[in-house]
Each structure stands twice: as C-alpha cells, then as structure tokens.
Amino acid sequence: MGATKKIAIGLGLAGGAALFTAWLLSGSRGQKTKEFLAKKAQDLKETLKKEKDSNDENEVHYI
C-alpha cells in the first residue's frame, strides 16, 4: 500500500471520528455524553489509585 493511500485512509478515519464526536456532543446527547465521560474518568482515577495503593503494600522492606 502506497503512502498516498495510507494518508487518505488516515484522513478518512480522522474525519469520521470528528463527525462522530460532533454528533455526540450536539443536542441533548451533549449533556449525557459529558456526564458519561466524567463518570468514566472518575472511575478510572479510583481504579488507578487503588492499583497504586495496592502496589505499595507488596513492596519488600529489607533490614
């Protein structure tokens, strides 16, 4: 596959993603989408914090 075809496919995917994002954030879907993303981000923060805290307990302390 040539470089031109790869660029065309990449631009097509980027354009599609931009249109999909615009659709998600427009109208009444916009508020629902923002709430969903905020909730998922908070869940991810909590999960990462738990993983970080649990790793601290597994450390070996040498005397």
Side-chain angles (χ1 to χ4, degrees):
M1 187 181 310
T4 305
K5 288 183 181 179
K6 288 181 183 178
I7 291 172
I9 291 171
L11 289 175
L13 289 173
L19 286 173
F20 183 66
T21 303
W23 176 78
L24 279 177
L25 295 175
S26 64
S28 63
R29 291 177 301 277
Q31 187 62 29
K32 291 178 185 176
T33 301
K34 289 175 187 175
E35 290 171 1
F36 175 79
L37 291 175
K39 183 180 181 304
K40 291 298 178 183
Q42 187 64 30
D43 291 346
L44 181 61
K45 277 184 179 179
E46 291 173 6
T47 302
L48 291 176
K49 185 176 181 183
K50 286 179 186 176
E51 287 179 5
K52 183 179 177 185
D53 291 342
S54 67
N55 288 341
D56 292 341
E57 295 172 3
N58 293 333
E59 291 182 16
V60 178
H61 299 283
Y62 294 100
I63 299 177

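It should be emphasised that the depicted structure is a prediction, and the values quoted were computed from it without experimental measurement.
Residues T33 and L24 share a closest heavy-atom pair of OG1-O, 3.1 Å.
T47 OG1 to Q42 CD: the interatomic distance, rounded to the nearest 0.5 Å, is 10.0 Å. Between E46 atom CD and D43 atom CG the span is 6.0 Å, to the nearest 0.5 Å.
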